[in-house]
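Predicted, not measured: the structure shown is a model, and the values here were computed from it. A note on names: the letters A, B, ... follow the listed sequences, proteins ahead of strands, and every chain is numbered from 1.
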2 protein chains.
Amino acid sequence: MGLVVQKYGGSSVADAEGIKRVAKRIVEAKKNGHQVVVVVSAMGDTTDELIDLAEQVSPMPAGREFDMLLTAGERISMALLAMAIKNLGHEAQSFTGSQAGVITDSVHNKARIIDVTPGRIRTALDEGNIAIVAGFQGVSQDKKDITTLGRGGSDTTAVALAAALDAEVCEIYTDVDGVFTADPRVVPKAKKIDWIAFEDMLELAASGSKVLLHRCVEYARRYNIPIHVRSSFSGLQGTWVSSEPKQGVQQVEQAIISGVAHDTSEAKITVVGVPDKPGEAAVIFRTISDAQVNIDMIVQNVSAASTGLTDISFTLPKAEGRKAIDALEKNKDGIGFESLRYDDQIGKISLVGAGMKTNPGVTADFFTALSDAGVNIELISTSEIRISVVTRADDVNEAVRAVHTAFGLDSDSDEAVVYGGTGR
Amino acid sequence: MGLVVQKYGGSSVADAEGIKRVAKRIVEAKKNGHQVVVVVSAMGDTTDELIDLAEQVSPMPAGREFDMLLTAGERISMALLAMAIKNLGHEAQSFTGSQAGVITDSVHNKARIIDVTPGRIRTALDEGNIAIVAGFQGVSQDKKDITTLGRGGSDTTAVALAAALDAEVCEIYTDVDGVFTADPRVVPKAKKIDWIAFEDMLELAASGSKVLLHRCVEYARRYNIPIHVRSSFSGLQGTWVSSEPKQGVQQVEQAIISGVAHDTSEAKITVVGVPDKPGEAAVIFRTISDAQVNIDMIVQNVSAASTGLTDISFTLPKAEGRKAIDALEKNKDGIGFESLRYDDQIGKISLVGAGMKTNPGVTADFFTALSDAGVNIELISTSEIRISVVTRADDVNEAVRAVHTAFGLDSDSDEAVVYGGTGR
């Protein structure tokens, strides 16, 4: 038996009862002969409460101090969890991100991990302890200041520690049973996926699946750390995310479609009347990039020959819409467009699956399903293993259900639709 | 203008409004040209709430993890305070005990400071920042674990930093106006003391005065750091505690009596029927000391010649009574006493003042005052500058008021009672 890293989110440790339940599960893993490292988030709403307090004393909390404040949340949960484990008769020690050797850059509130030096964790394990580590936080390499890792930070902490400690698996405990073929709140017939490849999971995460964040999956793929996403409320097997299917997990060879993701958090900006000449797109996206705005899909329509003008559309998080519009307007003369259109009533539906590109039938079936459901397509974008379309926000749920059914993913389907080829 | 260390307790930063009020006061000191280091406690009831949580997950929280938990409280208050100061347009950085260089021994929950290496604080100050430091906590020298300093820990942090940074003064902000000649809740006519010598303050603290703890005063005396105890809710001068009266503060030469302290937190144990031979007391107090019980007064009565037996009484915190009784009973044969008497309905009244020993009239007047008030004395103990008596708990308030009046300390007295000699 080797080393396992387990990560528990805020909903799993929301109160004293939750902490005691999680402690029992950790002790089970230890009793099964594993060395156990646990990464824990702040209890329930603690982080939100701290943010509220910060806003009461200062309208724009500063980076360094804001991180110092927020990291108190994990400090509380990890200490309580260690106590609960000791109360079950097992040895446990808790470590801050800094003590655990999580070294980051100095970008407060969204630092990136640049190194992990888990010497103290290793010592604690060798002495027979369970190690409890604060998620979401680290210490900056240059200034030795406390940093936080931003969204999905605790998952990333867990994967990074698993990599540095050469763990067998990184178990991500959450309040759902695993990764599903679609969001079960939208598609009641969605099925739990037993195994999914890193690449497919990356596309699902990029396309709006919330269970694992892109950043954490990317880290796991780079270091080839298998992730097991599962519920902290049951003993069920969840979803394995890895490069190769785990032995004993059924690999459904024909299932070249992993799932359907959707996302209604984005908006669309169309730059209208752009001269159709080399370098125009570069100027536009340099402007956007200089404004520190992250964009998602980009589509350029064919230009009308008569005018020599074209339109360029892109999607971006709604929260960054104002910033992008301002930056483009400010550089209107430099870019030379006619007008801007902003639309935040859009949704994105993505079909993800390996080998999709080599099966042209997939794309056709996808569009047919959308068309049969009466859903109009506004933008299309594809990758090796994903097709995404932008539709009206109101059409998203219907579109997801239609696609899910069309590809035989519904739980009452006999089996998934089979295309030629061997899958992967 | 030099460097000042300011310490704010939990009641001063109980909520966002309190934090903003304290921030303004800190900024004032900075505007007056001082370099400012602030030591802050956890907000209001935060520490108690964390203790509650700990008790919910584990009946006997462990030392190391308990410290990790409790230190989250100061982390929150210090980060919020730094944000509030920045919001007023001044630069501030917060530091944990570890970051501030507060090095302690490894005795969790009541660590002692063994060194202070405030390099990061000095740098922050030199760069024009206000430095905010978490009170009550440090890092252990050997294991690099987070420790807490126990009761009065934040005051001690402040004094220790003031010493290490060679501060002009350590200002302790609290919810009262300073140190009084007696507890104003018991003696409404008690007067604020403008200046008091370290030695007298030590005796007052040891005798039950709650404003400053013994340990903090001891540290200040050793490094000769003047302490200014004052209210965070007003701009009034408070009480200066130092080796020499500060210029401009009236030194009342005749006031050889500093004040009257009382304490009802102790119990009395009497070991009855102890053989009156050398070494007996040593065996008893070795037994007590091995049980890690702190004792206060010790009194041995003259033995009755007929029996060759004597009684030994001592006082100790009520909370440690059970432990002491158990330890003595367990070693009954080794000690050879007849029985134990435990009494937790006692109170202690102490009169403190320099030069007392050279003025026999003081002692006589003290006993006369108690007698006139009908208060019976059970034990007596004296030091160079203190007389303490143990009475029934019910008599304490009356006794304190009687003594306060008898020594002319009441605020409507014309002046304090003058004895021969120069005072100090």
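Both the backbone and the side chain of B:Gln93 come within less than 4.5 Å of a heavy atom in chain A. Contacts between B:Ala23 and chain A at a heavy-atom distance below 4.5 Å are absent for every atom of the residue. Looking at B:Ile19, the atoms closer than 4.5 Å to chain A (heavy atoms on both sides) all sit in the side chain, from C-beta outward. There is no contact between B:Ser77 and chain A, counting heavy-atom distances below 4.5 Å.
In terms of heavy-atom pairs under 4.5 Å with chain A, the best-connected choice from B:Lys86, B:Glu17, B:Lys20 is B:Lys20. Most heavy-atom pairs under 4.5 Å with chain A, from the set B:Ala72, B:Ala16, B:Ala92, B:Ala54: that is B:Ala72. Taking chain A as the reference chain and counting heavy-atom pairs below 4.5 Å, the highest number among B:Met43, B:Glu74, B:Arg120 is found for B:Arg120. Note on A:Gly73, A:Ser94, A:Ser58, A:Pro59: by heavy-atom pairs under 4.5 Å with chain B, the leading option is A:Ser94.
The one candidate from B:Gln137, B:His108, B:Lys110 that meets the side chain to side chain contact (heavy atoms under 4.5 Å, CB included) condition with B:Asp67 is B:His108. Paired with A:Ile121 under the rule side chain to side chain contact (heavy atoms under 4.5 Å, CB included), one option of A:Ile132, A:Leu165, A:Val5 passes, and it is A:Leu165.
A salt bridge is absent between A:Asp126 and A:Arg122: the closest approach of a Lys/Arg side-chain nitrogen to an acidic carboxylate oxygen does not fall below 4.0 angstrom.
Smallest separation of non-hydrogen atoms from A:Leu149 and A:Thr104: CD2-CG2, 3.7 Å.
Around the NZ atom of B:Lys323, the shell of radius 6.0 Å holds more than 12 heavy atoms that belong to other residues, nucleotides or ligands.
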When you look at B:Arg25 and B:Ser232, which way does the side-chain hydrogen bond (donor to acceptor under 3.5 Å, both in side chains) test go after all the steps?
CA-CA 8 Å; B:Arg25 187 180 272 269; B:Ser232 71; 6.0 Å; no
